[in-house]
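All values below come from the heavy atoms of this structure, side chains included, with hydrogens, waters and symmetry mates left out. Just so it is clear: chains get the letters A, B, ... in the order the sequence lines come, proteins before strands, and each one is counted from 1.
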Amino acid sequence: MTGEKGAEVVLRLDRITKRFGALTANDGVSLTLRRGEVVALLGENGAGKTTLMNILFGHYVADEGSVEVFGQPLPPGNPRAALAAGVGMVHQHFTLAGNLTVLDNIRLGTEGLWSRSDAGAREKVERLSRDFGLAVHPDAKVGRLSVGERQRVEILKALYRDARVLILDEPTAVLTPQESEALFATLRKATGLGLSVIFISHKLHEVMAIADRCVVLRHGRVVGEVDTHATDKAALAALMVGGELSLPRAEARAAGAVLMRIAGVSTPNRGASPGLKMVTLELRAGQITGLAGVSGNGQAALAEIVGGLARPAEGRLSLHGQEPKVWTPGEALARGVARIPEDRHHQGSIADFDLTENAVLEGYRTRFSRRGWMNWRAARAFAEGIIKGYDVRCPGPSTRIRLLSGGNMQKLILGRAMAVGPDIILANQPVRGLDVGAIAYVQSQLIAARDRGAAVLLISEDLDEIMGLSDIIHVMSQGRLSPGFARGTMTAAELGLWMAGQKFEGAHAA
Amino acid sequence: MRLEPIANPSAARRLGLPALALVATLGVAMALALVAGANPFAVLGQIATGALGSKLAVLETLNRATPLIFTGLAVAVAFRAKLWNIGAEAQLYAGAIVAVVLGTGALGSPLVLPVSALAAMLAGAVLLLGPVLLKTRLGVDEVVTTLLLNFIMLLFVSYLLEGPMKDPLGMGWPKSPALIPEARLPRIVEGLRLHWGFALAILAAVIVWVIQTRTTLGFEIRAVGQNPEAARFAGMPVNAVLVKTALLSGGLAALAGWSEVAGLKGHLSSDLSPGFGYTGIIVAMLALLHPLGVVVTAIFVAGIFVGSGAMSRAAGVPTYIADMLMATALLFMVLAILLTRVRVVRG
Amino acid sequence: AQEPIKMAGIYTVPVEQQWVSRIHIAAEALKAAGTVDYTYTENVANTDYPRVMREYCEAGVKLIVGEIFGAEAEAREVCAEYPDVAFLLGSSFMPDAAANPNLAVFDNYIQDAAYLSGIVAGGMTAGNIGMVGGFPIPEVNRLMNAFMAGVREVKADAKFQVSFIGSWFDPPKAKETAFAMIDGGADLMYAERFGVSDAAKERGVLAIGNVIDTQADYPETVVTSALWHFEPTLNAAVAAIQAGTFTADNYGVYSFMNAGGCSLAPLGTFEGKVPAEVMALVAEKEAAIKDGSFTVTIDDNEPKSS
Amino acid sequence: MSEIVDILISASFWAAVIRIASPLILATMGELICERAGVLNLGIEGIMVIGAFTGWMAVYQGMPLWGGVAVAMAAGMLFGLLHSTLTVPFGLSQHVVGLGVTLFATASASFAYRLMLPEVTSPPKIEPFQPLDIPVLSDLPWLGEALFSQTALTWAAFAVAGLVAFTLYRTPLGLAVRAVGENPAAVEAQGLSVTGLRIGAVMVGSGLMAVGGAFLTLSAFSSFFFEMVNGRGWICVALVVFGAWKPGKAVLGAILFAAFDALQIRLQQTELGAVLPYQLFLALPFILSILALILMSRRAEVPAALMVPYNKGER
Ligand SMILES: Nc1ncnc2c1ncn2[C@@H]1O[C@H](COP(=O)(O)OP(=O)(O)OP(=O)(O)O)[C@@H](O)[C@H]1O
Ligand SMILES: Nc1ncnc2c1ncn2[C@@H]1O[C@H](COP(=O)(O)OP(=O)(O)OP(=O)(O)O)[C@@H](O)[C@H]1O
Ligand SMILES: [Mg+2]
Ligand SMILES: [Mg+2]
């Protein structure tokens, strides 16, 4: 089954155009994919990448253009036909049924209506997961799996159907670096066996690592196509945004007073994810505290305590040296703690509310109402201020936030959080899923906040981001917190050892 | 097929489609009349006259709309917060019970009307509070608890009417004593059957609308309904909001029963409501949960019912045609309202 | 002959319901005879009742027959609004000539027949009788109590099981309730609801019918029934209208046995199976009722199991 | 107290429980299928009425009893098609459409009945299903009466419950139904039709509801009455939740509810019956249902996409 790269054309998209009302999401896009090749599809948020893939897979019907797989035209709007032709797709947002087992999710739709062959399916799944290093238990309920495991199930789904073309739409957006590495290993193995891959990502270093060729979209059009070995990250970024882009860099600064202190805090375990274990952490004015670690090691519990969603079961929390009597999100806000939530769709925004309403979600009681009466005029002005000040691209403040791209949604949330000039900023995965331009913007805002004296807690799985921004770095593993390491004192490899938990024993002994 | 939102629906579309739904309903009416051996062309006029053709007809339509406005508002308020209150029927009876308890002499005039209205609201609110607390505390599905409470409430009313609340002058029939005159809602215009309950219902709709659009509570209710997780994260007291919603919703539903007793019937019997609580759900959803829309849709639903009931008598077809037409009108209308906002495309 | 009188029936239940069916049949008979021009609306909620009355009045109907137990006050208002229309309505209250000179009332006062059916039952039971009712309203209680009094004439120590199922139209439930009573030892069922005779038939026990005669459907089961005849009531009202003398009257007496408003259904298939001395007692009491020397007590209180 | 024990150990009590449970089981299975596929079907009450009416009418017009069952099933599926056409591809509110279908179905049955039988004043009867006499089993001392004196339709009800459980958990079709109620996008991504699955589930489910209604006229009783379904459909909606969307638990729930019902009928004849108002007994099954719900609600897994319409190509 091995085949040479670059021989046979397995997929050809020909002048695809797709319009949503007035907006042209894809504008005459053509693309070819050869056997065993990995093509990266790049572009800003909203450039039209997902739309193009949805057309290929049959979720959408193109207004113009055609799709050919192995030389055969693909009937439009028919995922079943795409699957039958050997196209597999791992969607940007997982398409798994949480109430079913891994095995059931994989074989869904592959059998007749009535009879089924239990043994054969299980065997095949087990073989595939062994061959491609996609470890996951076939009888586990998908609802209980971590995102990394779900990702593997999605890929298994495609492989199980003998996909020869695999579309991966931002597969690494929610993966830990380790999980991403494992995914790439799988992909290399699979392409070696003749699989062809379209890979969508905003993380350029990944693109450089895995892709043979890059196709760049901007405003629905192909603006460039380059061989990966003939380009670099900066050039790609420039192609994407249509100009030069400078990533923000934070210079070291002297830290100020302790604004928030968490001492000896422990929380109970939650299912598979560990609770905090005697965590002590100080957030200082004018300093970005980076919290590195593989997600699911207690970051969520820590974020809940800092953000006011939970009170520590054990241990103490103090702000400006005093312990708050009540500790709720409202109280946290009142005391100048700003929060950028991990999940902007579920926690950070209300999809069918417009931008004005989303902008005042946190401040409606204190700043935009009197005696229970909303002051919509002020609210709207506030939203307009954010839109202007934070460069939120949208038709206006009465647009439903659902229609915004992730980056613009994130900018609104950022603007909302920063508006009160907070002392303490909790930034939980603030740039997840964003394009390079948006990332640069969000990060520069965090640095600016630090520079005016705020204490920032930055939680991220991206070591580059942590090392680039943080004045002091802690690592979390199994609910334990490492000592703080000053900027520049640690290498990525050293931090990695802490993340794996190997350094903790020694530190405790000391 | 697939539905695609229309950015700016034209006026023709927004008015034409509901009109088309009405025409289609009348078409069904004609077909049914034909099946029943009546003159299909006569029935159209008969429906219109029956619903709006005379002073009597208009008043009857408005009268029947009154409890529907209240229950429709109750449902609209609750559903906004995704609180699935299917128990407006029970809350309605709670309000009716209070109207009797306080209105049969326990309280003297002139306080009795406002006090009993408030107490009725409280009773309805408390009745919904139980399921809501069960939902927020224990995660018990409120669709089922509120639904089951309807049956329990009806049996409780039946017990009251055959026991402690039985009218000693009622010749043994299970109904409550009559309200004292001071406890009755006066008619808006003497001689017309329309009572102040209707005006109160309109007022309630306006108040609910103001609450929803102008107050922090309204903002909170909508936020909690759309995304409780985000609401909680933003610092909203989600459970407290649900409780407040329940108080408002239960109170409004109770007013339906209160106004039927105080305004129309003058006493309580166990068949006070022919399903006003359930019809309220229809009214609210037709109005897309908009409080002012509820007034319109309640009158629409009442009009279809009254009009086609009158038609059945005039045309000599079985009365059940009225319910059939109400259902037909409803289904066509929700479809039409949807199609004003989206278009069907292939793919 | 006179013009047929425009007449409308307004019923809160479907015309299949036993009670209403007797009114409906009497009206249909007059319609067939050309005396009235009869239409009806069934299953009208009490809330809608006054409206339907008004609609008919506006439509020129001259006689309205129905039942206003659940809408007394409002219905009487309507009567006052339309003084030219004659109303003959089932009501628990007495007529009020001053306020509503055009409203005559009636009710199913068939306790006479129920009492006699009780005597027959007493002769056929070993002493354990099951009674299934819809709701304990006066119209039901009255007949149950008269029936029980009749039973006690023969079996002074008879035991009664009484249940109400909280619905007029749930025969499966009535049937289950009857099964439970038969399991509890009842050997004769008082069939106030549909479904009870079916249970009796399945279990091979006897039943006594009420208001209508269902022996044809249950020849081995239904011994006899206390029948209501609405014809005397309606005919009297129609005659009064024709004569121009219709006034607020209590037509309830037309349901009494001596007015021909009720009777004990013929034994039919059970002819000869009821002990002769019991039938003699029935004949004796019937004669006494008819000549006025004996009156069956009207007791509207809810009967209880004993 | 001893009276209650006497009731609970009597064979006739359990026979009644099974009889009362049968229509509930059928309709509950129907509702469960709909909800598993993501559609709350509040048309259930009306669809049961339609089943009771059409099944009975078919037999009254001369069809065999099983023919009546088939007609009821078909009629139910027709109303299911109406419901699902509006709620699935058009995604209309499942509350409104459900109540609308109930209203429409109930009124249609009444309307058709009155048109077909204008003259009757006492509902005509048919010869209903009779209790099956099963050799040996029916003659067993206690069990014979308690379990083996039921009609064929009761047996069918339990068989249907088994079949539904088997289909849901042991066949690819059932897998797809469970998936579409959880995440329709997952189903579409695997090349199956969300619309087709949901419409199919609602139609089959509605067919079963109608058969549940037909049980009342073809087995429990022998005539059709306008209001004879009497809230049983709503009970079934509760039973699905009570059964945590699992067929086995839902059957248990139906039996439990029926047991409360059979018990209250009998309790009315005990000394308690003389003291307590009868309404309390009638309310007993509802009150206990709520209590049971409270006790076991915590861990129920609601189908995640229940009541959420799916529109292809919308995020
Ligand atoms: N279902 C839809 N309805 C209307 N417009 C849509 C829809 N899906 C996408 N669009 C439009 O198409 C454009 C391209 O969206 P698409 O999802 O393809 O972007 P993307 O390149 O995948 O972005 P990201 O990097 O954020 O994933 C968007 O700007 C949006 O306006
Ligand atoms: N229903 C919709 N109607 C119009 N545009 C839409 C719709 N859904 C998505 N879009 C557009 O599609 C684009 C991509 O959407 P998507 O949700 O994938 O954003 P995203 O940037 O990938 O966010 P995230 O990474 O946080 O998921 C956005 O530009 C958004 O405007
Ligand atoms: Mg995308
Ligand atoms: Mg994205």
Between [X] and chain B, with a heavy-atom cut-off of 4.5 Å, which part of the residue counts as in contact: side chain, backbone, both or neither?
X: A:Thr328; result: neither
X: A:Trp373; result: both
X: A:Leu309; result: side chain
X: A:Glu357; result: both

Which residues in residues 412-427 of chain A have any heavy atom closer than 4.5 Å to a heavy atom of chain B?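 Counting heavy atoms that sit under 4.5 Å from chain B, no residue of residues 412-427 of chain A is involved.
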Find the one option among B:Ala231, B:Pro237, B:Gly235, B:Ala234 whose heavy-atom pairs under 4.5 Å with chain A are most numerous.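 Between B:Ala231, B:Pro237, B:Gly235, B:Ala234, the count favours B:Ala234.
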How about A:Arg367: does its CZ atom have over 12 heavy atoms from other parts shown lying under 6.0 Å from it?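 Counting other residues, nucleotides and ligands, CZ of A:Arg367 exceeds 12 neighbours.
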Does B:Trp196, at its CH2 atom, have more than 12 non-hydrogen atoms belonging to other residues, nucleotides or ligands within less than 6.0 Å?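 Counting neighbours around CH2 of B:Trp196, 12 or fewer heavy atoms of other residues, nucleotides or ligands fall under 6.0 Å, so no.
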Strictly less than 4.5 Å between heavy atoms, which residues of [range] line up against chain A? Please order them by number.
range: residues 293-301 of chain B; value: none
range: residues 199-213 of chain B; value: B:Val210, B:Thr213
range: residues 216-229 of chain B; value: B:Thr216, B:Phe219, B:Glu220, B:Arg222, B:Ala223, B:Gln226, B:Asn227, B:Glu229

Relative to chain B, which of A:Asp343, A:Asp352, A:Asn375 shows the most heavy atom pairs under 4.5 Å?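 Ranked by contacts with chain B, first place is A:Asp352.
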Looking at A:Arg365, A:Glu304, A:Glu331, A:Arg371, which one has more heavy-atom pairs under 4.5 Å with chain B than the rest?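 Going by pairs under 4.5 Å, I would pick A:Arg365.
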Where [X] and [Y] come nearest, the two heavy atoms and their spacing:
X: B:Met236; Y: A:Tyr364; result: CG-OH, 3.3 Å
X: B:Ala230; Y: A:Ser349; result: CB-O, 3.6 Å
X: A:Trp376; Y: B:Arg214; result: NE1-CA, 4.3 Å
X: B:Arg232; Y: A:Pro329; result: O-CG, 3.5 Å

